[in-house]
Amino acid sequence: MAGAWPRAAPSGTLIPVRVWTAFIGGGLLAAVAFGVCSQAQLWLEQDWGILVGEQVPPAGDKLEAWLTRREPAVAARRVTLVTEGWIGETTWGELGVSLDVEGTA
């Protein structure tokens with residue numbers, strides 16, 4: 001059996017080396033897991049805010065003017081309506097859906 005796993009030295013040092021390696025590996029794995037868990041929790045708790053037309057609105061007094069500028073783009077967004085035997089394309093504005101600037105600001 002020459003060439004197989006090295007034989008333990010007469011003093012028996014191979015078993016403690018294996019245990020020490022497993023201990024260090026487990027500690028590193030636990031440290032990585034705790035680091036990933038805390039980062040994942042922060043990511044999940046992040047406030048993503050409100051999106052209007054896939055854009056984040058500005059805070060403060062500029063909101064109403066920004067919403068007014070975005071209103072035509074939101075009304076012009078294309079939408080596809082699908083039923084069992086019919087597919088139709090239209091816009092949000094043609095469906096009567098609009099951005100309520102006064103109610104939002």
Side-chain angles (χ1 to χ4, degrees):
M1 259 215 214
W5 186 258
R7 293 182 180 212
S11 62
T13 58
L14 191 56
I15 291 176
V17 168
R18 286 181 182 171
V19 170
W20 182 250
T21 303
F23 179 75
I24 294 296
L28 289 173
L29 184 62
V32 168
F34 284 120
V36 168
C37 285
S38 66
Q39 291 300 318
Q41 186 173 6
L42 289 174
W43 183 79
L44 290 172
E45 292 174 355
Q46 182 176 1
D47 180 17
W48 294 98
I50 297 173
L51 297 177
V52 177
E54 289 126 10
Q55 295 182 3
V56 178
D61 298 334
K62 300 177 185 178
L63 179 61
E64 190 168 352
W66 185 84
L67 287 171
T68 303
R69 287 192 312 271
R70 293 290 308 146
E71 186 177 13
V74 171
R77 290 192 68 166
R78 303 290 303 166
V79 62
T80 303
L81 305 173
V82 180
T83 64
E84 288 183 24
W86 178 78
I87 297 176
E89 290 194 18
T90 186
T91 64
W92 286 112
E94 290 171 350
L95 290 173
V97 177
S98 64
L99 180 61
D100 183 11
V101 175
E102 294 173 7
T104 306

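Side chains are part of it too, since the values below use all heavy atoms of this structure and drop only hydrogens, waters and symmetry mates. Since we're looking at a predicted model, the values are computed, not measured.
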Taken to the nearest 0.5 Å, the spacing of Glu71 CD from Asp100 CG works out to 8.5 Å
Between the CG atom in Leu29 and the CD1 atom in Ile24, the distance rounded to the nearest 0.5 Å is 13.0 Å
Hits for salt bridge (charged side-chain N to carboxylate O under 4.0 Å, His left out) against Arg78, two or more places apart or cross-chain, chain-then-number order -> Glu89
Where is the tightest heavy-atom contact between Leu67 and Leu99, given as atom of each residue plus distance?
-> O-CD2, 3.7 Å
Which residues pass the side chain to side chain donor-acceptor pair (under 3.5 Å) test with Thr90, sequence neighbours left out?
-> Glu94
With ILVMFWY side chains joined below 4.5 Å, transitively, what does Leu81's cluster contain besides itself?
-> Val79, Trp86, Trp92, Leu95, Val97
